[in-house]
Amino acid sequence: MNNQIDLKKPVLVIDDEADIRDLMELTLIKMGLSVQTAAGVAEAKEALRKHIFSLVLTDMRMPDGSGLEIVDYITAHNLDIPIAVITAYGNAVQAVEALKNGAFDYLQKPITLAQLRTLVKSVLTINNTTEVEPISKQASAPKQSDKKMKNEPTSDKASETPVCERLLGSSPLIAEVRQLIGKLAKSNVPVYIAGESGSGKEQAARSIHELSARRDKAFVAVNCGAIPEALMESEFFGYKKGSFTGADADRAGFFQHADGGTLFLDEVADLPLSMQVKLLRAIQERAVRRIGEMEEKQVDVRIICATHKDLNTLVESGQFRQDLFYRLNVVSITMPPLRELRDDLPQLIQVLLQRILHGETMILTVAAEKALLQYSYPGNFRELENILERAIALSKNQVIEVDDLQIHSHQLDAQHTTSSDTSSNLSSDSHASLQDFQFGHTQIQDYLDDIERHILQQALVQTRYNRTQAAKLLGISFRSMRYRMERLGIV
């Protein structure tokens, strides 16, 4: 065995089965890599203490422990080493746990050599790692955060720009999203983005891509709900000339176009079950076969998906495959609706106006600005942009009046519905009637805030001020609960 460490790209292979270790070692050596092997967890930890590695491949189940221990060990000691785990077929839960704990990717047994080569090439290309000090040398070494990795942008400004351009605002909710995107951009794990329609899910996906090492490759966005079922396979995987009537030339599919980059599957919940099976295989095998061809071809694609539907509910009802859900939902991001980013509205309105006007000047009257700030935006950012474009088209003399917005009647209906539905759960003497206020003035927002504050306080009392349980009772996230309490001054 070749246990001499090549300081450029050494690989540590951990498996208790000697045949598998030997096979993986020979494969990696043929790729020009040096290899060190370990037969268990204890031996692997000893190797990590003494040597420098650029990649770790570990089996999940071993006589003296689990591959999760290796993942946790590397994370706990701040070793900047990508790690991939090897799991038994169908054991998706352990694989997801490993990915969430810091693993880069995972393979399912039986492993094909093509899969192994693709994963190793992807990891070493993406990381292009500089040397990482063994644990014994870390006390005197500079912190890894102080070193510049070869694949990282040359300045902090460069790394922040794409996120700042796409996801504006200083609200706590959007700040948390930006922070999570920055972390996810450094890895290659699949990401699931949830959120209402128009809340910026694609902008979040593009931000992840633009901050990642894949930013120089293609970002391919696909609306799964807009493709006829009969054309899905050819659109996703491509076809060979003559494979069916009308196939007059070879054509690449979405996966081939995104090779080396990112494939964004928007409204992934709309995929039919037959296509879900084929998509699952393509993701697992990292290979696709065009219609009319016999051989599969390897592809290196990062998957990001999004939908405004509840995938958990669809899995429970059998409309979405559980194994595909585990593959896609390794790490999730929830995009906050625009109504929860009210403090950021003035900035967002100005940015969108500048983008639409292309340098021209346009003035919002006080009444128009007030109406925009008080509107609930059920269509989120997409609706706000639509409202501003319509107002610009209807405006006169470069001035946007409140009537140009055409949201007044919609606003009244929405607020009346919200208040009437909510007030039925409140005591009759706890709040004034909506008729005591004039619509279009600041009193409306104060009134709605008062109703929201009362509901939150009732939920807190009912759960003995357990904010987590109160959030579940109201059907909102804990993060949203915390933000609402801060906004409304609830201690």
Side-chain angles (χ1 to χ4, degrees), residues 92 96 166 181 184 188-210 212 214 217-239 244 251-291 296-297 299-335 337 379-383:
V96 170
R166 293 190 179 277
I181 284 174
L184 293 177
N188 199 38
V189 297
V191 179
Y192 164 54
I193 305 175
E196 297 177 7
S197 180
S199 59
K201 297 187 291 294
E202 182 171 343
Q203 298 305 316
R206 288 184 180 275
S207 296
I208 294 173
H209 173 77
E210 290 168 357
S212 74
R214 297 174 175 265
K217 300 294 184 178
F219 177 91
V220 179
V222 179
N223 187 333
C224 298
I227 306 172
E229 185 172 352
L231 301 178
M232 277 195 171
E233 185 173 1
S234 62
E235 291 293 317
F236 273 86
F237 308 130
Y239 54 80
F244 55 85
R251 179 176 177 179
F254 298 138
F255 272 87
Q256 292 94 333
H257 284 299
D259 193 14
T262 303
L263 180 59
F264 174 56
L265 304 177
D266 196 11
E267 298 304 341
V268 70
D270 292 338
L271 285 173
L273 287 170
S274 59
M275 189 61 204
Q276 290 178 30
V277 177
K278 297 170 184 175
L279 178 61
L280 176 64
R281 175 173 175 78
I283 295 173
Q284 286 183 165
E285 302 298 326
R286 295 182 176 84
V288 296
R289 181 171 56 229
R290 293 192 301 178
I291 297 176
E296 291 184 333
K297 292 185 178 180
V299 289
D300 173 24
V301 174
R302 181 181 192 172
I303 301 293
I304 301 178
C305 70
T307 180
H308 71 281
K309 299 179 180 178
D310 187 345
L311 276 187
N312 283 293
T313 301
L314 294 178
V315 169
E316 291 175 1
S317 64
Q319 299 177 61
F320 199 87
R321 292 181 62 95
Q322 186 179 51
D323 46 7
L324 178 59
F325 175 70
Y326 281 133
R327 275 287 184 178
L328 297 176
N329 187 26
V330 175
V331 182
S332 62
I333 299 175
T334 301
M335 298 301 296
N380 295 296
F381 293 93
R382 191 176 294 124
E383 183 179 10

- Task: Kindly compute the distance separating CD1 (I333) from CG (L184), expressed to the nearest 0.5 Å.
- Result: 5.0 Å
- Task: Could you check if a side-chain atom of L324 sits within less than 4.5 angstrom of a side-chain atom of V268, using non-hydrogen atoms only?
- Result: no
- Task: Output yes when a side-chain donor or acceptor of D259 lies under 3.5 Å from a complementary backbone atom of D300, and no otherwise.
- Result: yes
- Under 3.5 Å, is there a donor-acceptor pair linking the side chains of R382 and S197? yes
- Query: Can you find a heavy atom in the side chain of L279 that is under 4.5 Å from one in the side chain of R327?
  - Reply: no
- Message: Do V191 and R302 have side chains that approach each other closer than 4.5 Å (heavy atoms only, starting at C-beta)?
- Response: yes
- Note on the structure: Contacts of A221 meeting side-chain contact (heavy atoms from CB on, under 4.5 Å) (sequence neighbours excluded), chain-then-number -> E202, R206, F219, F264
- Query: Mind checking whether F255 and L263 have side chains closer than 4.5 Å, heavy atoms only?
  - Reply: yes
- Task: Return the set of residues passing ring-ring contact (aromatic ring centres under 6.0 Å, His included) with F320 (not counting sequence neighbours), or none when no residue passes.
- Result: none
- Query: Between H308 and G198, is there a donor-acceptor pair closer than 3.5 Å when you use the side chain of the first and the backbone of the second?
  - Reply: no
- Are any of the side-chain heavy atoms of F236 and L265 separated by less than 4.5 Å? yes
- Query: Which heavy-atom pair separates A258 from V301 by the least distance, and what is that distance?
  - Reply: O-CG2, 3.7 Å
- Would you please test M275 and E229 for side-chain contact (heavy atoms from CB on, under 4.5 Å) and show each step? CA-CA 8 Å; M275 189 61 204; E229 185 172 352; over 6 Å; no
- Query: From I304 CD1 over to H209 NE2, what is the distance, rounded to the nearest 0.5 angstrom?
  - Reply: 8.5 Å
- R289: partners by side-chain hydrogen bond (donor to acceptor under 3.5 Å, both in side chains), with sequence neighbours left out: none
- Query: Residues two or more places apart in sequence or in another chain: which of them pass side-chain contact (heavy atoms from CB on, under 4.5 Å) with A218?
  - Reply: V220
- For residues Q322 and E316, determine if any side-chain heavy atom of one lies less than 4.5 Å from a side-chain heavy atom of the other. no
- Message: Show the nearest heavy-atom pair for residues S234 and Y239, with the distance to one decimal.
- Response: CB-CD2, 3.7 Å
- Message: So which atom in K201 and which in G195 form the shortest heavy-atom distance, rounded to 0.1 Å?
- Response: NZ-O, 3.3 Å
- Message: Checking A287 now: which residues fulfil side-chain contact (heavy atoms from CB on, under 4.5 Å) with it, not counting sequence neighbours?
- Response: E285, E296, Q298
- Answer whether the closest heavy-atom distance between the side chains of T262 and I208 falls below 4.5 Å. no
- Message: Show the nearest heavy-atom pair for residues A205 and I193, with the distance to one decimal.
- Response: N-CD1, 3.7 Å
- Task: Could you tell me which non-hydrogen atom of A282 sits nearest to which non-hydrogen atom of V288, and how far apart they are?
- Result: CB-CG1, 3.9 Å
- Message: Just so I know, are the side chains of K278 and M232 near enough to count as touching, which here means a heavy-atom distance under 4.5 Å?
- Response: no
- Look only at the side chain of Q256 and the backbone of G253, and say whether a donor-acceptor pair between them is shorter than 3.5 Å. yes
- Exercise: identify the closest heavy-atom pair between Q276 and L271: NE2-O, 2.9 Å
- Residues at least two apart in sequence or cross-chain that pass side-chain hydrogen bond (donor to acceptor under 3.5 Å, both in side chains) with S332, listed by chain then number, are none
